[in-house]
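Worksheet: the structure to be examined is printed underneath.
Within every chain, numbering begins at 1; the chains are lettered A, B, ... in the order of the sequence lines, protein sequences first and strands thereafter.
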Protein chains: 2
Amino acid sequence: MAEPLLSSLPAPGARSASLADVAHLAGVSTGTVSRTLSRPDMISEPTRLRVMDAVERLGYVPNGAARALSMRRTLTVGAIVPRFGSSSFPAMVQALETTLAAAGYTLLLSAPDPRPSYETSILRALLERGVDAVALLGAEQPQQVFAMLAANRTPFVTMWAPPEAGVHCVGFDEYAAAALVVDHLADHGHRRIGYIGGRTADSERARRRLRDLSLAIAKRGLTLCDDALAETEHGFQEGFDAMNTIAQRQPAITAVVCGSDYLAAGALAALDQAGIEVPRRLSVASFNDNDFAAFLHPPLTSVRLPIREIGEQAGERLLAQLRGLDAPVARALPVTLMQRSSTGPVPD
Amino acid sequence: MAEPLLSSLPAPGARSASLADVAHLAGVSTGTVSRTLSRPDMISEPTRLRVMDAVERLGYVPNGAARALSMRRTLTVGAIVPRFGSSSFPAMVQALETTLAAAGYTLLLSAPDPRPSYETSILRALLERGVDAVALLGAEQPQQVFAMLAANRTPFVTMWAPPEAGVHCVGFDEYAAAALVVDHLADHGHRRIGYIGGRTADSERARRRLRDLSLAIAKRGLTLCDDALAETEHGFQEGFDAMNTIAQRQPAITAVVCGSDYLAAGALAALDQAGIEVPRRLSVASFNDNDFAAFLHPPLTSVRLPIREIGEQAGERLLAQLRGLDAPVARALPVTLMQRSSTGPVPD
DNA sequence: TTGTATGCGTTATCAA
DNA sequence: TTGATAACGCATACAA
């Protein structure tokens, strides 16, 4: 029905303008145009003006592929982001993007679906696109990924992921986070607690989280109750279902720890629906990876994970490598306890 | 401390292998190698094997920049995503990514910060990178953006954004969504209602949302109360604050409509903290853009917006254009009412 | 300060 | 089926 949008700006039947076109129109050489755009200070005022005018009139946009081919770099950083839509990754990515953008780099995102070892084909796509560096977001990366990166001499950093030996890695102290939650609960008199977290079979991070929690619990002489343990994907629905499953078993617990905001939200909804009052009959604590745990009803005690900070620091690590300062660093950021609630003392 | 990961795969002090290297090792021409990789069926078996072997041994990865330069396309689609971290965009992006990936395209994401007209520089970066098409996610795009796209003959689609005349656009029927909420509330006897939504000064979408809601409200003979109206950014904190502000005025309303999940979550937290029972004293309804409104406490009535579907359809529109079938289409997806709660009847 | 010419790694055209 | 070779658009070393 409607005509295609053809504003009359570009020459009616041609492809977009090139350096040569600009040079021609301005009556100079391509080299001069190139320099005018990249280092204007090396060009005389009158020439510069003529060139800029031609650029303007032609609506010239440089061809990045040609530039990349010539310069052997793309000013692009690739990021591999599993489970893009959920949890804390968006915030991490945004922080990363901002940090890199400040240095002139653009972020190229890829979200692999969970097919096993699909990461390598994603990584391959990134490498073919000539990314100058790669950020690995909290994924379980097959060893082959690191091999490919090494083979291509591509700088990279892992974010919120198990630190590999000698690899740039930015995360936080997982044990400290677990201890923070456990100490808080113990201080309020809780002895027997449950846990809803990620699948330990699928994720090294989930394994560490559970392990650290167990350690912290043992250290304080508490009990992690087997019948109040659930492993699931991350999400509202999943937290809801997991909490229902646990509640059916009527375990003898007074507190539940949730691995993420989404799980906590789902769990709280399930408890509410089941008429189990929080925190009077059951306290809920969580690892807050999304800055919204604080707004859940009822307010929960949560450990704020430094998500945004991870993104920033990872960006800086990447930039350091791109500048040639690439001593591998594993950096652990501090965690803090956000206590907005009257986490219940043990009920009678 | 640790040695850098240098597996012995690549030649110790060289840059990565090129077609020529592979050709040399396999004893064929570069043309043959190129064809072997792109159309193996046109190559004799023995040659093919020799080439593949060389590829393997050198760990050859094609140079995308060179390919793009030669082929004049990148198999890349750019997306401009405002307010990356919040609300419904991640789900939309993921759906878009999946749809495009199935057709061999990669998505290149850019998240402009809210600086005005920053979009044009973002778009410029995308165009320089040679994206074959662009997806505009629900942003207010300055007219200049469309001009740039037209000048570059770059296919594009707007998602969940005001339809521009003659432009590919995928959204949903905003008025129908508003009417769904209003009818539901009216059917439960509510007469006077409030609204927490986006800033109408900043966003055409917010303006339409408010306008449609007003229309639907008028049509049912209800009243949208001025003193129960709040405009704000989207987010938990913002919804929390807005609800508090409204509550202080003690408006004579029995229901509040929230523009998004995040706002609704914040509003519910505020009501809870203020001791205002939902839905006994105040009903809350929302536009559910994130599939989690249903899990909020207490459950709310919400209109599910077809976020994922927008992403899918937008991807398909883009692909259609890339294949040359580019009759502009404005597509409106249906909306549905999710009623999980006992949206309160009017209290006494 | 400006112009010339070469290389970047592919794809594609045209012969062989 | 394969090989040589010309684009592709830009940056840059070298000349002027």
Self-check item: S18(A) side chain, from C-beta outward: closest of dA12(C), dG9(C), dG9(D)
Solution: dG9(D)

Exercise. Answer with base, sugar-phosphate or nothing: what part of the nucleic acid does L19(B) contact at a heavy-atom distance below 4.0 Å?
Key: base

Quiz item: What do the steps show when you test T99(B) against Y105(B) for side-chain contact (heavy atoms from CB on, under 4.5 Å), and what is the final call?
Solution: CA-CA 9 Å; T99(B) 303; Y105(B) 282 85; over 6 Å; no

Quiz item: Separation of Y60(B) atom OH from dG9(C) atom P, in whole Å?
Solution: 10 Å

Self-check item: Separation of dC10(D) C1' from L75(A) CG (nearest whole Å)
Solution: 14 Å

Quiz item: Rounded to whole angstroms, how far apart are CZ on R129(B) and P on dG9(D)?
Solution: 19 Å

Quiz item: Do S110(B) and L126(B) pass the side-chain contact (heavy atoms from CB on, under 4.5 Å) test, and can you show the C-alpha distance, the side-chain angles, and the key distance before you say yes or no?
Solution: CA-CA 8 Å; S110(B) 294; L126(B) 288 178; 3.6 Å; yes

Quiz item: Nearest of dT2(D), dT10(C), dG9(D) to any side-chain atom of T47(B)?
Solution: dT2(D)

Quiz item: Taking the side chain of S70(B) as heavy atoms from C-beta outward, which of dG7(C), dT10(C), dT1(D) is closest to it?
Solution: dT10(C)

Quiz item: Under 6.0 Å from the CD atom of E56(B), do we count more than 12 heavy atoms belonging to anything else shown?
Solution: no

Self-check item: Donor-acceptor pair between T76(B) and R129(A) side chains, under 3.5 angstrom
Solution: yes

Self-check item: Atom-pair distance (CZ on R67(A); P on dG7(C)), nearest Å
Solution: 22 Å

Exercise. Please determine if E312(B) and R308(B) form a salt bridge, counting it only when a charged side-chain N lies under 4.0 Å from a carboxylate O.
Key: no

Quiz item: R73(A) has an atom CZ; how far is it from atom P of dG9(C), in whole Å?
Solution: 16 Å

Quiz item: What's the spacing between E316(A) CD and R323(A) CZ if we round to 0.5 Å?
Solution: 9.0 Å

Self-check item: Spatial distance of atom OG1 (T74(B)) from atom CD (E128(A)) [nearest 0.5 Å]
Solution: 12.5 Å

Practice problem: Specify the angle, to 10°, made by the local axes at the two ends of the helix from dT1(C)-dA16(D) to dA16(C)-dT1(D) when five pairs are taken at each end. | Solution: 40°

Quiz prompt | For atom CG of L49(B) and atom P of dT1(D), their distance in whole Å | solution = 14 Å

Exercise. Tell me, with the steps shown, if T32(B) and T36(B) meet side-chain contact (heavy atoms from CB on, under 4.5 Å).
Key: CA-CA 6 Å; T32(B) 299; T36(B) 303; 4.0 Å; yes

Quiz item: In residues 25-43 of chain A, which ones come under 4.0 Å of DNA chain D, going by heavy atoms?
Solution: G31(A), S34(A), R35(A)

Practice problem: Could you go through the side-chain contact (heavy atoms from CB on, under 4.5 Å) check for L96(A) and M159(A) one step at a time? | Solution: CA-CA 10 Å; L96(A) 180 64; M159(A) 300 166 68; 4.2 Å; yes

Quiz item: Toward the 5' end of DNA chain D, which comes first, P46(B) or A20(A), by nearest nucleotide?
Solution: P46(B)

Quiz item: How close or far is atom C1' of dT10(C) from atom CZ of R72(A), stated in whole angstroms?
Solution: 15 Å

Quiz item: In whole Å, what is the span from the CG atom of L69(B) to the P atom of dG9(D)?
Solution: 7 Å

